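Within every chain, numbering begins at 1; the chains are lettered A, B, ... in the order of the sequence lines, protein sequences first and strands thereafter. Quantities reported herein were computed from a predicted structural model and do not represent experimental measurements.
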Number of protein chains: 2
Amino acid sequence: MTPSVRRSFVVAASLFTLAGAPLGAQGTPLASWNDGPTKRAIMTFVRATTDRSSAQYVAPDDRIATFDNDGTLWVEHPLYTQAAFALDRVGALAPQHPDWKTTEPFKSVLERDETAIAKFTEADWEKIVAATHSGMTVEAFNDLAADWLARATDKRFKRHYTELVYQPMLELLAYLRQNGYKTYIVTGGGQDFVRAFASRVYGVPREQVVGTASKTKFTIGESGKPELIKAPDILYVDDKTGKPEGIHLVIGRRPRAAFGNSDGDEEMLQWTQSGGGARLMLLVHHDDAQREYAYGPDTKVGTFSNELMDVATKGGWTVVSMKKDWRRIFPFDP
Amino acid sequence: MTPSVRRSFVVAASLFTLAGAPLGAQGTPLASWNDGPTKRAIMTFVRATTDRSSAQYVAPDDRIATFDNDGTLWVEHPLYTQAAFALDRVGALAPQHPDWKTTEPFKSVLERDETAIAKFTEADWEKIVAATHSGMTVEAFNDLAADWLARATDKRFKRHYTELVYQPMLELLAYLRQNGYKTYIVTGGGQDFVRAFASRVYGVPREQVVGTASKTKFTIGESGKPELIKAPDILYVDDKTGKPEGIHLVIGRRPRAAFGNSDGDEEMLQWTQSGGGARLMLLVHHDDAQREYAYGPDTKVGTFSNELMDVATKGGWTVVSMKKDWRRIFPFDP
C-alpha cells in the first residue's frame with residue numbers, strides 16, 4: 001500500500017467509526033478477527049440464538065449483550081481515559097481553588113508528579129472525581145467531556161482517545177446488532193462520561209450506557225429554569241458485584257452475552273452464564289505489547305488476575321488473545 | 001349492540017391489550033379520544049416533531065416520551081395496586097412472622113382494619129414494602145407480582161387490575177410509538193413491580209420502566225449459583241424531583257413529551273418543558289365519578305393540587321378531562 005492509499009484508507013476507516021461500527025474492510029462480519037476457536041465461538045453463539053429452528057433460539061427482546069468499556073472496547077493503559085480527563089480538569093479548575101496548591105491529592109496533580117499520581121488510592125481518585133465531575137448541569141458536563149475528548153491525545157499513539165478503540169470489538173458490536181442484539185455498555189467508569197461519546201464511537205445510544213453514577217439534584221436555577229446538577233456523591237458503583245446490580249437496575253434483564261477484560265467483570269459474566277441456555281462469556285486478554293499492551297495473568301500489571309483466568313477456564317469462557325485473535329487492533333491500523 | 005356482540009367485542013379488545021396497545025376500534029389513531037383541543041394538542045405536537053420539513057422536527061433518537069403509571073395509565077383509587085399487592089403479601093407471609101399479630105403496621109393489615117390502613121404513614125408503607133418486596137431473587141419477585149396480578153381483582157369494577165388501564169392512554173402510547181417515540185414509564189411505584197406487567201399490558205419493555213428502586217445484592221446462593229437478591233433498602237425514590245433524576249439515570253435524555261396526573265409528576269413535566277422547542281406536557285384530571293373517579297383540584301382527595309393546576313395553566317400544559325376528552329375509559333367499555 002502506498003502512503004497516500006494508506007492515508008485514504010485510514011480516513012475511510014475513521015469515517016466508518018464515526019458512523020457507528022464498521023463491518024470491516026470487506027463488508028463481512030468480524031473481518032478483523034482471525035479464524036480460529038474464538039471467532040468460531042462468537043459466530044456459533046450468534047447463530048444458535050438467532051436461528052428460529054435452533055433449540056437455543058432467543059426471542060429478540062431478550063437479546064441483550066453487555067460490554068465493559070475500559071480495556072474491553074478501548075485502551076485503558078497507562079491510565080483510564082476518564083482519569084486523564086479528571087487530571088486535566090484539576091488543572092483547569094485550579095485558579096478557583098488556591099488551596100489545591102498545598103492540598104493532596106490536588107497538589108501532586110498540579111505539580112504533574114507522575115510517581116505520586118501512580119500511587120493514588122481509591123480515596124484520592126474519589127476526591128478528584130468529586131471535585132471535577134460535579135457542581136454543573138448534566139448538559140454542561142456532557143459538553144466538557146465531549147470537548148476534552150475532541151482535543152486530548154494519548155502520549156504513546158498520539159491519537160485521540162476515541163480513536164484508540166478496538167476495531168474487532170467495533171465489528172463485534174455491529175455483528176451483534178445486525179443479529180437483533182441490543183448492545184449495552186456496562187462500565188465501572190462514569191456513566192455520564194461514557195455517554196458523551198458512546199453513540200458517536202460505538203453506536204451505543206445514551207440510554208444503553210450503564211456506569212458508575214453520581215447523584216443528581218433537580219433544582220430551579222437562578223434564571224428560574226429547572227436544572228439537573230451533578231452532585232459529588234456516588235449513587236452506585238458499577239463494578240464487580242455492582243455490574244449485575246447495575247444491569248438489573250437499568251436493563252432489568254439478564255444478558256445473553258457479556259464481554260470484559262478484568263476482575264471487575266467477573267460477576268457480570270457469572271451472572272450472564274448462570275441464566276442457562278446458550279450464553280457467551282468473553283474476556284479480552286491484553287497480550288500484545290507490540291501493537292498495544294501486555295498485562296494481566298502472569299504479569300503483575302493490571303486487573304486480570306490468575307484467579308480470573310482459572311474461573312474463565314473452568315467456566316468454559318472465551319478468552320481473546322489480542323495477539324493471535326485480532327488481525328487489526330485499531331481502526332487506523334493497516 | 002346485542003349482548004353477545006358486545007361480549008365478542010370486549011374479548012377482542014382485551015386481546016388487543018395483551019398484544020401491546022391497540023389502535024382503537026376503527027384502526028385510526030386516538031379513536032377513544034373525543035375531538036377537541038386536547039386531542040388536537042397531541043396530534044399537533046406529534047406532527048410538528050416528526051415532519052422533516054417542520055422547524056420543530058426532532059431526530060428519532062431524541063423522541064423520548066415518559067408516562068407516569070398510577071392514575072395516568074391505570075386506576076390508582078382507592079389504593080395503589082402495588083399497595084394492595086403488598087397487603088396481600090403480608091397475609092401470605094404472616095405464618096413466618098408470628099410477631100406481626102401484635103406489631104404495627106402489620107397488625108392492622110392482618111386484622112383488615114381499613115380505617116387504620118387508610119391512615120398509614122409513609123414510614124408504615126415503607127415497612128410493609130421492605131418486608132414484602134425483599135429477601136428473594138429478582139426473578140422470584142417478578143413471578144410473585146405477575147401471579148398476583150393474574151389473580152387479584154378490584155372491588156368496584158370486579159376486574160383484574162391490568163384490565164383497569166385507560167384505553168385512550170393505550171392508544172396514545174401506540175400512536176407515539178408509531179411515530180418513532182420511545183415510550184418509557186416513569187413511576188413513583190416500584191420499578192420491579194411495574195416491570196412484571198408493563199410489556200404485556202402497555203407494550204413497554206422492561207428496560208423502559210423507570211421507578212422507585214430498591215438495592216439488590218449479588219451473591220452466590222446455596223446451590224453455588226449467582227443470585228440477585230432484592231434488599232429492603234431503597235436506592236432511590238422516583239417521585240417529584242426524583243423523576244427527572246431517575247430519567248437522567250436510566251435514560252440520559254430529556255423527554256420531549258411527559259404525561260402525569262399528580263403533584264409527583266410536576267418536576268418531570270417542568271424538566272421536559274424547559275428543554276425548549278416543541279414539547280408536550282399533559283396531565284390527566286380525574287373528573288368522572290360515574291365511569292371512574294373524581295378527585296384532584298377543588299376536592300380534598302388525591303394528589304393533583306390546585307397549585308399544580310395553576311402551574312399547568314401558566315405553563316400552557318394540556319389537561320385531560322376524563323369526562324369530556326375520553327370517549328371510552330377502559331378497554332372493556334362499550
- Greatest number of heavy atom pairs closer than 4.5 Å to chain A - which of Thr216(B), Thr219(B), Ile220(B): Thr216(B)
- Could you name the residues of residues 234-247 of chain B that have a heavy atom within less than 4.5 Å of a heavy atom in chain A? Leu235(B), Tyr236(B), Thr241(B), Pro244(B), Glu245(B)
- Interface residue of largest heavy-atom contact number with chain A, from Ala213(B), Pro226(B), Gly211(B), Pro205(B), under 4.5 Å: Pro226(B)
- Message: Would you compute the distance between atom NZ of Lys225(B) and atom CH2 of Trp271(A) and round it to the nearest 0.5 angstrom?
- Response: 9.0 Å
- Message: Quick check on the structure: residues of residues 136-147 of chain B within a heavy-atom distance below 4.5 Å of chain A, by number.
- Response: Val138(B), Glu139(B)
- When Gln208(A), Lys217(A), Glu267(A), Glu227(A) are compared by non-hydrogen pairs under 4.5 Å with chain B, the top option: Glu267(A)
- Where along residues 248-255 of chain B does a heavy atom come under 4.5 Å of chain A, listed by residue number? His248(B), Leu249(B), Val250(B), Ile251(B), Gly252(B), Arg253(B), Arg254(B)
- Item | Lys182(A) and Glu207(B), any side-chain heavy atoms less than 4.5 Å apart | yes
- Query: Which of residues 58-68 of chain A have a heavy atom under 4.5 Å from any heavy atom of chain B?
  - Reply: none
